[in-house]
Amino acid sequence: MLREMAVLLEMQGIAWKPRAYEKAAGGVESQDVPVADIYEQGGIPALERIAGVGRGIAAHIAELLQKGSIKEYAALKKKFPVNVTELMAVEGVGPAMIRVLWEKLRVRSLADLERAAVTGKIRGLPRFGEKSEQKILKGIAFLRASGGRRTLGSVLLEARSMAAMIRSFPGVHDVAIAGSMRRRKETIGDIDILVSSERKKEITERFLSLPFVADVQGSGETKTSVRLKNGMDCDLRVVPPASWGAALQYFTGSKEHNVALREIAIKKGLKLNEYGLFRGKKAVAGRTEEEVYKALGLAYIEPELREDIGEIEAARKDALPALIGYDDLKGDLQVQTDWTDGEDSIEKMAHAAMAAGLGYIAITDHTKSLAMTGGADEKKLLRQMGEIDALNKKFKQKNFKILKGAEVNIGKDGSLDIADDVLAQLDVAGAAVHSHFGLPRHEQTARVIRAMENPHIDIIFHLTGRIIGKRPAIDLDVDAVIAAAKRTGTVLEVNAYPDRMDIKDEHVRRAVAAGVLLSIDSDAHSTRHFDLLEYGIAAARRGWAEKKDIINAWPVEKMLKMLK
DNA sequence: GCCGTTTTCGGCCCGACTGTTTTCAGTCG
């Protein structure tokens, strides 16, 4: 509603207020406790502690929670009874356009907009033409087709190969993938590629002729936007080498992080843009990102942290975390094999893990409740342990270790489907929810905590059970789970599988803050899957995790000693 | 409407590209 109010206010040409509402909406969104709970516990003062929420907006929120509606919102909607959220989702449509469309054509919805465009009514409006009409139709078609964002793992490799092709163009100094992909967000809306070169025109022309470009949306001197054949949007930006650092900083975002940096620059009497950091006309930094941050009085901030959620304050105090590195994992604690629903044998998985540079893996096949996967009962699990013992003898000289594990199923009431005396014989016992996804919060939370209280369960795998774009997370009191993890010495898993990625970045951050240990696992179901660990590491970094927080970044002996 | 290492009043990020205009408003990131 706050976002909607921002648009409705902007439609009236009101200055600044829209930005305030927008900021407040961002503040509310970044809470992971419902505002209702915040209000209930701390009243208006607690609401005002949310970033961007002051007296006025706190009163609006309280009004909504108490009376179910906001007077001012209703008044705005009365003036413009338009579905602004729906219309704003169309690329190229903004508040001013919505206002004209409403006043002249009575457009309220996406369907109205499409009708107006198809029947050629839009081209006659002031400051509109045939091209604007076509652009609107294209925007609607794209909205319907793409429906939004894709997982990082489904697009990163393709973007890297695009970047490699661009790197081979003559005259290119440097190429980088920027934007949310460089920040390693779990989902990506579009691909941003930055190039440094003196030969802008030539680079742009070559880029436009690449085979994966489907449609050109705009192309100017330094900035080009295309739609790719895979359906995604891609922006190319070409800057001179002297501006590389400033441009990379700007193009990486996030927007909120950039705005905060620019405000710091202003306070120092400087101006920050994508060409550099300037005092008057004189550039004081810009060739590298490091010098831009330094000139602003900040420690270098890793891209994964640039969300304006405290990293700038930490950088000012030189208190940023020493993030876990992309090469720091020594083992993988969730691996499936052909004993259940994996594709490959234990031995093959071990060889693949070695090739990926790992020193150990835990074999964690499903247990009997997952009958369709051939889940193991106690007998089968003991048999598998025997095979692992035999393989370990074989791998001894290679300095590689296979750990005995399982992905034990958590029942509806939190009970486990493998007996304690067998669990006791495992090196690593993980447990996970695979059914009853719809239980109410308190039941769901109690069930997971009961599993954690088992003296043998070391790790909770994919805690919330979500599948990005397919299945929502189970309703869990994550803070209660984190507290229980601390109390019981249970590890929480960061699952690296691209459409799982739970626990997600903000949960990682809360777990780390609470002193709970984490593992980063590939959830490999095939020898190819060890490459996925990168995405889990990314999520952990976005959650401010350090090497010391991640148990499988430790040597195997130390890790085993830590487990229950 | 919000906020404070410059402020409790007076600021609020900055530039590229497009389309429809004859100089710029709107949108985007």
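To find a chain, count down the sequence lines: A is the first, B the second, and so on, and within it residues start at 1. Since this is a predicted model, take the numbers as computed values, not measurements.
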It should be established whether [X] places a side-chain nitrogen or oxygen under 4.0 Å from OP1 or OP2 of nucleotide [N].
X	N	value
A/Tyr275	B/dA16	yes
A/Asn273	B/dG15	yes
A/Thr222	B/dC17	yes

Separation of [X] atom [atom1] from [N] atom [atom2], in whole Å?
X	N	atom1	atom2	result
A/Glu22	B/dC13	CD	P	13 Å
A/Ile264	B/dC12	CD1	P	15 Å
A/Phe128	B/dA25	CZ	P	15 Å
A/Arg262	B/dG15	CZ	P	7 Å
A/Trp16	B/dG11	CH2	P	11 Å
A/Lys131	B/dC17	NZ	C1'	12 Å
A/Leu194	B/dA16	CG	C1'	14 Å
A/Ile14	B/dG1	CD1	P	9 Å

So that I can tick it off, tell me whether [Y] and [X] are bridged by a salt bridge, with the cut-off set at under 4.0 angstrom between side-chain N and carboxylate O.
X	Y	value
A/Asp190	A/Arg149	no
A/Lys294	A/Glu289	no
A/Lys71	A/Glu63	no
A/Arg316	A/Glu311	no
A/Glu304	A/Arg184	no
A/Arg510	A/Asp479	yes

Contact class for [X] (heavy atom, under 4.0 Å): base, sugar-phosphate, or nothing?
X	answer
A/Leu261	nothing
A/Val90	sugar-phosphate
A/Ser225	nothing
A/Tyr250	base

Quiz item: Strictly by modelled atom types, are A/Thr252 and A/Arg182 linked by a side-chain donor-acceptor pair under 3.5 Å?
Solution: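 On atom types as modelled, these side chains qualify, holding a pair under 3.5 Å.
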Quiz item: Between A/Val259 and A/Gly56, who's closer to the 5' end of DNA chain B by nearest nucleotide?
Solution: A/Gly56
Practice problem: Assign each of A/Pro95 and A/Glu130 to its nearest nucleotide of DNA chain B by heavy atoms, then name whichever residue's nucleotide is nearer the 5' end. | Solution: A/Glu130
Given [options], which nucleotide is nearest the side-chain atoms of [X]?
X	options	answer
A/Ser132	B/dG29, B/dC14, B/dG19	B/dG19
A/Glu274	B/dC14, B/dC17, B/dG15	B/dG15
A/Arg237	B/dC14, B/dC12, B/dA16	B/dA16
A/Ala96	B/dG29, B/dG26, B/dG1	B/dG26
A/Arg127	B/dC28, B/dC24, B/dG26	B/dC24
A/Lys271	B/dA16, B/dG26, B/dG15	B/dG15
A/Lys17	B/dA25, B/dG1, B/dG15	B/dG1

Self-check item: G-U wobble or Watson-Crick pairing nucleotide for B/dG11 (cut-off 3.5 Å, both distances)
Solution: B/dC2
Gap in Å between the two [atom1] atoms, one belonging to [N] and one to [M], rounded:
N	M	atom1	value
B/dG10	B/dA16	C1'	29 Å
B/dT7	B/dG11	P	14 Å
B/dC13	B/dG4	P	14 Å
B/dC14	B/dC9	P	25 Å
B/dT21	B/dG29	C1'	25 Å
B/dT23	B/dC17	C1'	16 Å
B/dT8	B/dC3	C1'	9 Å
B/dG26	B/dT20	P	14 Å

Exercise. Would you mind reporting whether A/Met5 and A/Leu76 have side-chain heavy atoms less than 4.5 Å apart?
Key: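 Answer yes - side chains close enough.
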Practice problem: Using the salt bridge (charged side-chain N to carboxylate O under 4.0 Å, His left out) rule, pick out the option among A/Glu186, A/Glu307, A/Glu302 that qualifies with A/Arg542. | Solution: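 Exactly one option meets the salt bridge (charged side-chain N to carboxylate O under 4.0 Å, His left out) with A/Arg542, and it is A/Glu307.
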Practice problem: Describe, in one word, how the ring planes of A/Tyr293 and A/Tyr300 are oriented to each other, choosing from parallel (under 30°), tilted (30 to 60°) and perpendicular (over 60°). | Solution: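 The rings of A/Tyr293 and A/Tyr300 stand perpendicular, inter-plane angle above 60°.
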Distances for protein N/O vs nucleotides 4-9 of chain B N/O pairs under 3.5 angstrom?
none

